[in-house]
*Asks:* 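One structure coming up, written as structure tokens, with questions to follow.
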Amino acid sequence: MSGYDEMEKRWQAEWSRMKLDNAERDAGKQKFTIIFAYPGVTGFLHVGHLRGYTYADAIGRYKRMTGHNVLFPVGTHATGNGAITLASRVSNKDPDFIDYLIRNGCPEEKLEDLKDPMKVVDYFNTVYVNDYWKRFGFLADWRRFTCTVYPDYEKFIQWQFRKLNEQGLLIQKPYYSPACPVHGPVAVDASETDISKGGNAEVQEYTLLKFKRGNEYLVAATLRPETVYGQVCFWVNPDVEYVRIKNGSETWIVSKEAAEKLQLQIDGITVLSAIPGKEMIGWMCEAPMIHKEVPVLPASFSDPNVGSGLVTSVPSDAPDDWISLEALKKDPAFAMRYGLSESLVGSIVPVSIISIEGYGEFPAKDVIDSMGITQPGDPRLDEAKKQVYKDGYHMGRMKDVCGPFSGMRVEEAKDKMKQAMLDAGEAGIFYDLTEEVVCRCGMPVRVKRVDDQWFIDYGNDDLTERTSEHCRGMEIYPPEFYENVHSTLNWFRERACVRQGNWLGTKFPLDEKWTIEAISDSTLYPLYYIISLYANDGRISPENMTEEFFDHVALGKGDVTEVSKNTGVPENILNDIRGDVEYWYPLDINLGGKEHMTVHFPVYLFNHRAILPDWMQPKGILVNWYITGKKNKISKSKGGAQPIPGAVEQFGVDALRLYYAHIASMFVDVEWNEDSVMMYRQRLDRIMGTVGELLSSDQSDEKKDIDEWLISRFNGYSASIKAAMDRYDLRQAATAVYFEMLNDIKWYGRRGGNSKAAVREALRIWIPLMAPVTPHIAEEMWSLAGFGGLVSSSQLPAAGPVSGSAEYREEFIREVMSDISQIRKVTSADPKKIFLYTSPSWKTNVMRMGLEMMDSGTLDIPSLTKRCMMDEELRKNGKAVTEFVKKAVTDLSRATGSKRDATETDEYSLLVSAKGFLEEELGAKVEVFSSDSGSIYDPQNKSRAAVPGRPAIYLE
RNA sequence: GCAGGGGUAGCCAAGCACGGAAAAGGCGCAGGACUUAGGAUCCUGUUCUUAGUGAUACAAGGGUUCAAAUCCCUUCCCCUGCACCA
């Protein structure tokens with residue numbers, strides 16, 4: 001129990017009472033609009049998610065305190081089948097899931113409700129807003145909250161798609177998508193939201209090779225159509241039952257499983273009859289492209305679930321083929337069992353077709369040999385296959401035996417040969433998943449052809465170009481993303497934007513049998529936060545939100561009176577909305593997790609560019625990396641991380657916020673670690689304790705040097721922190737605020753600083769700087785200091801002047817102390833007396849001359865020496881001067897600033913004034929001498945080592 | 001496959017974009033102070049060397065430069081994201 005609960009809630013209530021969270025248009029103030037990419041409603045969030053959100057709030061708060069009118073709206077994304085899945089798990093009384101809900105604080109009586117997907121959405125919306133964002137002290141404009149499945153939001157999305165259509169950016173074409181027979185298209189991805197198995201599967205394109213035998217075809221599926229010139233035989237699994245199928249006018253033979261898959265991809269396929277694999281062994285069939293008769297041989301590796309279940313054999317470049325052929329040759333008895341004569345098997349010789357640097361005639365053999373694989377079925381064959389494939393693809397060249405493709409690079413030949421066979425009717429295309437995928441409902445997921453799939457045409461050159469161009473003028477962090485966002489935009493092709501099946505989401509306006517897919521309905525939405533305000537309080541309703549309405553408020557089209565008449569929205573409301581849009585748009589910052597670099601951000605940019613005018617184009621993007629779990633990622637679905645309410649209770653909100661802000665740069669992943677958060681908790685305790693002491697201790701009105709130092713330092717921080725915050729570098733800012741400034745305050749006290757005025761001035765600088773990241777404690781201390789008002793609504797004071805000399809003088813003292821303790825350490829002595837000798841003034845003079853020459857660019861050892869020797873006084877000291885000049889010149893060429901200060905500081909009186917302090921700190925008597933003065937106590941002649949900025953030291 | 005990031009002290013992590021003083025800050029560790037029993041706090045130290053102002057480091061190896069963790073090249077090793085998943 002942190003005990004901060006009460007304080008946090010008190011200030012949150014106060015901010016709310018003062019309406020700090022509401023964003024209202026104010027023409028006299030510069031606006032700043034920021035959002036974070038809203039989360040999907042898929043369950044409880046964990047501490048990792050708050051990282052990005054916290055950045056957004058801290059930035060918003062900082063902007064508020066630097067003269068901006070800030071709009072920071074939030075929402076959620078419920079499109080998809082997440083809520084449906086959750087609801088069905090509740091309906092099915094899935095014990096794990098029920099337990100998960102209860103454990104995360106869902107009241108038991110709520111469960112009945114959650115059988116309804118929309119209630120699930122509502123429930124989690126409440127949790128996100130109240131338990132996470134409000135609890136974290138965010139100053140978001142809650143009135144604008146929206147969710148992608150709200151009827152008004154859907155109107156907006158439909159409008160957006162009409163606009164895309166007007167631009168000619170919606171296109172239709174066939175598409176191959178993983179689909180469940182019951183639920184339609186499903187997402188196959190590592191998070192396994194839609195599916196229960198096979199998250200790593202990918203859709204792969206196979207080339208179907210047709211091997212003619214009489215009037216039917218044995219159909220093999222291959223990933224390597226470029227190897228057809230190396231075909232020497234054909235593999236059939238003798239233990240598998242295959243089927244004849246009718247495809248148009250042709251009869252094909254494939255595995256039963258493949259037939260089922262093909263039916264989803266090719267119309268009119270019917271199964272004719274079964275045929276055991278055994279029966280086919282020994283057949284001869286004509287290989288495509290090369291038109292040679294090849295024998296059908298038995299192979300156990302031929303899997304009915306993969307591809308067509310039949311495999312063409314290219315031993316030269318396929319390790320499986322090579323090893324299986326070898327095995328067959330070595331075991332004539334086995335071959336005989338299938339009626340294969342030894343001479344037939346023996347006559348099959350691999351054909352070398354691809355030359356790859358570093359490989360011999362038969363790449364497959366080379367890999368097998370180097371990996372030490374000796375028989376079929378070795379699990380490493382998979383790896384061997386990948387190796388040969390990869391090297392062949394990138395470095396390979398087709399050999400002379402490859403007809404018209406001879407000499408081509410494999411990369412190029414692959415497509416050309418595939419196309420040639422397709423054109424000749426010798427091949428087909430088939431899509432399959434790389435591993436078994438099972439839907440949440442238990443049905444197998446297969447690749448299905450969808451004929452009239454709609455796409456958004458992100459491949460459009462003009463759009464890509466204009467979007468890319470706009471990005472050059474944006475503020476995009478990290479810089480790497482600024483650089484490579486262009487290649488991401490270029491890489492984008494058509495993207496399927498609608499889907500069918502049991503999904504929550506907006507109906508596609510051009511054809512309502514489709515539902516708009518989850519990424520596509522979340523591209524232009526920041527704009528909707530401006531309008532949602534009016535929808536949420538009932539000033540407008542979904543029925544009002546026609547195309548004309550959005551054209552007017554978003555694009556400024558049409559005449560208000562006319563639009564008002566047609567939409568039923570009063571003119572003044574239309575004017576207000578339009579005015580808000582003109583004021584708040586575009587977005588200054590869109591903040592999202594690193595995955596969005598290739599997902600949301602590109603489409604966000606594209607859609608803005610496609611639909612909205614120049615002045616509404618986005619200004620900034622900020623990407624945050626993740627908080628990860630130990631070893632593996634913490635994830636929403638799999639859990640493993642601390643629930644947010646528990647963490648809040650344990651550490652307090654501000655400690656968590658500071659943890660996010662400071663633990664690492666935004667652009668690296670961080671492993672979640674409770675001890676680290678605790679450390680930040682303690683640091684905040686220390687700061688509050690220190691400030692409390694400062695406020696309660698007796699202070700004087702007396703002015704001291706150290707006061708000037710403190711204020712100078714704080715002014716310096718104030719400026720550098722603002723600079724850091726302007727770059728959104730919260731970490732650097734936090735280092736200064738929570739570490740360096742505290743250290744300085746401590747040093748100030750140690751040096752005897754206790755001026756009431758200086759302390760108050762320092763706190764007026766310091767506390768507001770804490771407000772963006774740790775607003776609750778900042779507010780608490782602000783009020784404790786009696787500064788009046790809320791620090792959260794105050795403005796950061798302008799940074800005052802920095803005194804270089806005050807800071808140098810203090811640095812000088814610290815270095816003297818450091819040198820003394822250094823000497824003490826090496827001598828392990830415990831001196832009773834410490835003698836300090838400041839530099840003789842002739843050295844200071846030499847240094848000054850050096851600085852002058854440096855300024856005029858004429859500094860070097862001989863010139864400075866010469867100049868010194870012209871001086872009567874210096875010449876007396878000839879040898880020492882030459883030596884010092886050497887040193888001074890090297891020093892000066894490294895760092896000039898501190899040397900300049902050194903020549904301008906009266907070190908003797910500075911040390912004398914610090915004498916008391918030094919004696920106390922060092923626990924010894926301190927004597928200060930100037931090397932210039934005639935009679936000094938210096939038994940070891942240490943004083944000759946003294947230089948400006950570095951007094952000599954003698955311990956005794 | 002496509003695209004991108006990184007290797008700095010025992011650990012985390014700044015700095016590298018605009019090359020110029022062992023390299024911020026934190027953690028950990030060691031000593032001390034304090035005074036308590038707190039997941040305290042405060043000092044000091046933490047590459048080596050040395051009565052200090054010296055030497056040497058930034059994955060490895062080359063190069064450019066008066067000067068490189070920072071720029072260029074090569075090699076090795078890690079990591080991340082990738083479209084109907086948000």
*Asks:* So, is the end of the A:Arg751 side chain (NZ or CZ) under 6.0 Å from the ring centre of A:Phe917 and within 45° of the ring's axis?
*Replies:* yes
*Asks:* Side chain of A:Trp491 only, please: which of B:C82, B:A51, B:G39 is the nearest?
*Replies:* B:C82
*Asks:* Of A:Leu955 and A:Val668, whose nearest nucleotide on RNA chain B comes first from the 5' end?
*Replies:*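 In this pair, the answer is A:Val668.
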*Asks:* For A:Leu463 and A:Asp457, work out which heavy atoms get closest and say how close.
*Replies:* CD2-O, 4.4 Å
*Asks:* Separation of A:Ile823 atom CD1 from B:U49 atom C1', in whole Å?
*Replies:* 15 Å
*Asks:* Counting only side-chain heavy atoms from C-beta out, which of B:U46, B:A86, B:G26 sits nearest to A:Met679?
*Replies:* B:G26
*Asks:* Which part of the nucleic acid does A:Glu740 contact within heavy-atom distance under 4.0 Å: base, sugar-phosphate only, or nothing?
*Replies:* sugar-phosphate
*Asks:* Just checking A:Ala945: base, sugar-phosphate only, or nothing, at a heavy-atom cut-off of under 4.0 Å?
*Replies:*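 A:Ala945: base contact, heavy atoms under 4.0 Å.
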*Asks:* Side chain of A:Arg750 only, heavy atoms from C-beta on: which candidate in B:G52, B:U44, B:A86 is closest?
*Replies:*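 Closest nucleotide to the A:Arg750 side chain: B:U44.
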*Asks:* Could you tell me the separation between the CE atom of A:Met597 and the P atom of B:G5, rounded to a whole number of Å?
*Replies:*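 So the two atoms are 10 Å apart, to the nearest Å.
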*Asks:* By the 4.0 Å heavy-atom rule, please label A:Arg731 as base, sugar-phosphate, or nothing.
*Replies:*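 Since a base atom lies under 4.0 Å of A:Arg731, the category is base.
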*Asks:* Where the side chain of A:Arg950 is concerned, which of B:G25, B:U53, B:G45 is the nearest nucleotide?
*Replies:*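 My answer, after comparing the listed nucleotides, is B:U53.
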*Asks:* So with a 6.0 Å cut-off around CD of A:Glu920, is the heavy-atom count from everything else above 12?
*Replies:* no
*Asks:* In whole angstrom, what separates A:Ile663's CD1 from B:A14's C1'?
*Replies:* 13 Å
*Asks:* Find the distance A:Asn743:CG to B:C43:P and express it as a whole number of Å.
*Replies:*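 That distance rounds to 7 Å.
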*Asks:* Which part of the nucleic acid does A:Ala736 contact within heavy-atom distance under 4.0 Å: base, sugar-phosphate only, or nothing?
*Replies:*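 The residue A:Ala736 makes no contact with any strand.
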*Asks:* Give the ring-plane orientation class for A:Tyr728 versus A:Tyr477, where under 30° counts as parallel, over 60° as perpendicular and anything between as tilted.
*Replies:*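 Geometry flag for A:Tyr477 against A:Tyr728: perpendicular rings.
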*Asks:* Could you measure between the two P atoms, the one in B:C78 and the one in B:G32, and give it in whole Å?
*Replies:*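 Comparing P positions in B:C78 and B:G32 gives a spacing of 44 Å.
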*Asks:* Quick one: label A:Arg686 by what it contacts on the DNA or RNA (base, sugar-phosphate, nothing), any heavy atom closer than 4.0 Å.
*Replies:* sugar-phosphate
*Asks:* Which is more 5' along RNA chain B, the nucleotide nearest A:Pro951 or the one nearest A:Gln453? Just name the residue.
*Replies:*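 Upstream on the strand: A:Pro951.
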*Asks:* The side chain of A:His77 is closest to which nucleotide in this list: B:G45, B:A14, B:A86?
*Replies:* B:A86
*Asks:* Check every strand shown and say whether A:Ser665 touches a base, only sugar-phosphate, or nothing at a heavy-atom separation below 4.0 Å.
*Replies:*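 If one applies the 4.0 Å heavy-atom cut-off, A:Ser665 turns out to touch the sugar-phosphate alone, with no base involved.
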*Asks:* Could you check whether A:Tyr954 gets within reach of a base, just the sugar-phosphate, or nothing at all, counting any heavy atom under 4.0 Å?
*Replies:*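 Base contact - A:Tyr954 has a heavy atom under 4.0 Å of at least one base atom.
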*Asks:* Name the pairing partner of B:A30, where a pair is Watson-Crick or G-U wobble with both distances under 3.5 Å, or state none.
*Replies:* B:U44
*Asks:* Within 45° of the six-membered ring axis of A:Tyr176 and under 6.0 Å from that ring's centre, is NZ or CZ of A:Lys448 located there?
*Replies:*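 The answer is no, since A:Lys448 fails at least one limit relative to A:Tyr176.
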*Asks:* Where do A:Val485 and A:Leu605 come nearest, in terms of heavy atoms and distance?
*Replies:*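 A:Val485 and A:Leu605 have their closest heavy atoms at CG2-CD1, 4.1 Å.
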*Asks:* Base, sugar-phosphate or nothing for A:Asn484? Non-hydrogen atoms, less than 4.0 Å.
*Replies:*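 Result for A:Asn484 = sugar-phosphate.
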*Asks:* Considering every strand shown, what is the Watson-Crick or G-U wobble mate of B:C76 when both distances are under 3.5 Å?
*Replies:* B:G7
*Asks:* At under 4.0 Å between heavy atoms, what does A:Phe667 touch on the DNA or RNA strands: base, sugar-phosphate, or nothing?
*Replies:* nothing
*Asks:* Which nucleotide wins on minimum distance to the side chain of A:Gln682, given the candidates B:U50, B:A24, B:G39?
*Replies:*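 Per side-chain heavy atoms of A:Gln682, the pick is B:G39.
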*Asks:* Provide the distance between the two P atoms, one in B:G15 and one in B:C71, to the nearest whole Å.
*Replies:* 13 Å
*Asks:* From the list B:G25, B:A51, B:A86, which nucleotide is the closest neighbour of the side chain of A:Glu595?
*Replies:* B:A86
*Asks:* Looking at every strand, decide which applies to A:Ser818 at a 4.0 Å heavy-atom threshold: base, sugar-phosphate, or nothing.
*Replies:*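 No contact.
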*Asks:* Between A:His46 and A:His49, how do the two ring planes meet: parallel, tilted or perpendicular, split at 30° and 60°?
*Replies:*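 Judged by the thresholds at 30° and 60°, the geometry between A:His46 and A:His49 is tilted.
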*Asks:* Give the nucleotide from the list B:A51, B:A86, B:U53 with an atom nearest to the side chain of A:Ala518.
*Replies:* B:A86
